[in-house]
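As the structure is a prediction and not an experimental result, all values here were calculated from the model.
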Amino acid sequence: MPDLSRRAALLAALAPLAAQAQPGSFPDHPVRLVVPFTPAGQTDLISRLVAQRLAEDWGKPVLVENRAGGNAMIGADAVAKAAPDGHTLLAITLTHAVNASLFPQAPYDFTRDLKTLTLLGALPLVVVVRAESPWRTLGELAAAARGRRLNGGSSGTGSPPHLGLEMFRRAAAAAERLEHVPYRGGAPAVTDLVAGNLDMIVGNLPEVIAQVQAGRLRALAVTDAARHPLLPDVPTTAEAGLPALRITSWTAIQAPAGVAEPLAEAIAAAIRRALTDPAVARKAGELGFSLIGADMAESRRFVAAEVARYAAVVAEAGIRAE
């Protein structure tokens, strides 16, 4: 993950240069930002923050379109095949980097048909159980997973919560006693956990934080190197005794591969400028995001590295498309 402290300083310094990069003819009609997940999830929340700021900057609507399904590939495929004029963008997550190896017969080629513009933000995952659960620590949950059959939800096969669940399974030596239950997004999985239909989730922080703060869910650990400011009393997975459970979720923006590089850079610059807006930064922080705004070259290197890293995780964990 790019150095976030260095990134914050660079965002502010690059804002004036980004303002000069936007070509005067773009956009000439509304821009679609496709979110290939259900509303109210991590990707949807940060995408709407950025879309609103871009609309103000461009003077044209930036319409967030939720196109969930197909393990986030339906929306991605639509963007990959869209006109390469910059008016159709895609919000991606770690899920798409994993899909590159999990679904070799996907209807689009992640590396060939889409190009990364910039990284928006990153956040840890949180191991959560119901407030009424008997497990009050990560160690107690791990022991329970070794001794009885539990089920854990995720926002879909290959999603960050699914990978987090698999990492928990391995770190806790739970073998096959932990069953994965995939959903079409994080919000419905959280709803089922609150309702008592699941035992646990390794969830994206924005999707679980409200229920934790409301006392309906209990947070046992965060999957980062440091505690999170929104959950200062919740230990890291290392502090809780499972250091191998370490995963960071991220969101980036892509465009069809055929978009000309000068236009791609102009759009990326506008997005980076949006991330410097104090209102966007404040709201993103309230959701738990650390904003990134990396340039195109760094963003593309990062996404390519994540594709390679999680191809190894998928193979090692034996994850199969469902």
Side-chain angles (χ1 to χ4, degrees), residues 14 17-37 43-44 46-47 50-51 53-55 57-120 158 250-275 292-308 311:
L14 290 174
L17 296 177
Q20 299 171 13
Q22 181 183 328
S25 60
F26 178 87
D28 59 15
H29 59 273
V31 174
R32 284 192 309 147
L33 175 53
V34 175
V35 173
F37 300 99
T43 314
D44 182 69
I46 194 168
S47 294
V50 173
R53 184 62 185 84
L54 287 175
D57 186 12
W58 286 338
K60 297 289 183 181
V62 179
L63 308 174
V64 174
E65 179 181 326
N66 294 95
R67 299 194 64 174
N71 215 68
M73 291 189 293
I74 291 177
D77 184 49
V79 176
K81 294 177 171 59
D85 59 5
H87 289 82
T88 306
L89 305 175
L90 173 69
I92 68 162
T93 70
L94 176 57
T95 297
H96 295 86
V98 175
N99 283 349
S101 58
L102 190 60
F103 295 95
Q105 303 304 317
Y108 65 96
D109 186 298
F110 180 72
T111 302
R112 183 191 64 212
D113 298 336
L114 294 160
K115 62 171 58 175
T116 302
L117 303 183
T118 187
L119 291 163
L120 295 184
W250 48 266
T251 302
I253 299 295
Q254 290 191 321
V259 172
E261 282 295 279
L263 177 56
E265 179 54 61
I267 297 171
I271 296 170
R272 293 196 299 271
R273 182 166 66 255
L275 298 178
I292 304 174
D295 63 32
M296 285 207 305
E298 184 177 2
S299 297
R300 290 172 183 177
R301 284 193 298 269
F302 173 79
V303 172
E306 289 288 272
V307 169

On a heavy-atom basis, the closest approach of Q254 and I92 is OE1-CG2, 3.4 Å
Taking the side chain as C-beta and beyond, is there a heavy-atom pair between M296 and K115 under 4.5 Å?
no
With heavy-atom distances below 4.5 Å as the criterion, would you say the side chains of D295 and R272 are in contact?
yes
Qualifying salt bridge (charged side-chain N to carboxylate O under 4.0 Å, His left out) pairs, either residue in residues 71-86, two or more places apart
D77-K81
Parallel, tilted or perpendicular, as decided by the 30° and 60° cut-offs, for the rings of H29 and H87
parallel
Spatial distance of atom CD1 (I74) from atom CZ (R67) [nearest 0.5 Å]
7.5 Å
What's the separation between atom NE2 in H96 and atom CG in N71, rounded to the nearest 0.5 Å?
8.5 Å
Counting distance only, does the side-chain N/O of S299 pair as donor-acceptor with the main-chain N or O of L119 below 3.5 Å?
yes
pair F110-V98: side-chain heavy atoms closer than 4.5 Å:
no
Are any side-chain N or O atoms of R300 and backbone N or O atoms of T116, one a donor and one an acceptor, separated by less than 3.5 Å?
yes
Under the side chain to side chain contact (heavy atoms under 4.5 Å, CB included) criterion, do F37 and T95 qualify, and how do the steps go?
CA-CA 11 Å; F37 300 99; T95 297; 4.2 Å; yes
Begin with the C-alpha distance, continue with both residues' side-chain angles, and end with the deciding distance and a verdict on side chain to side chain contact (heavy atoms under 4.5 Å, CB included) for M73 and N99.
CA-CA 8 Å; M73 291 189 293; N99 283 349; 3.6 Å; yes
Let me confirm one number: the CG-NZ distance from L54 to K60, rounded to the nearest 0.5 Å.
14.5 Å
Can you check whether W250 reaches L120 side chain to side chain, under 4.5 Å on heavy atoms?
no
Shortest non-hydrogen separation from A76 to Y108 and the atoms involved:
CB-OH, 3.4 Å
Those residues at least two apart in sequence (or on a different chain) that pass side-chain contact (heavy atoms from CB on, under 4.5 Å) with Q105 are none
What are the two closest non-hydrogen atoms of P256 and A80, and how far apart are they?
CB-O, 4.4 Å
Any heavy-atom pair between the side chains of L89 and V62 that's under 4.5 Å?
no
Does a side-chain heavy-atom distance below 4.5 Å link E306 with L94?
yes
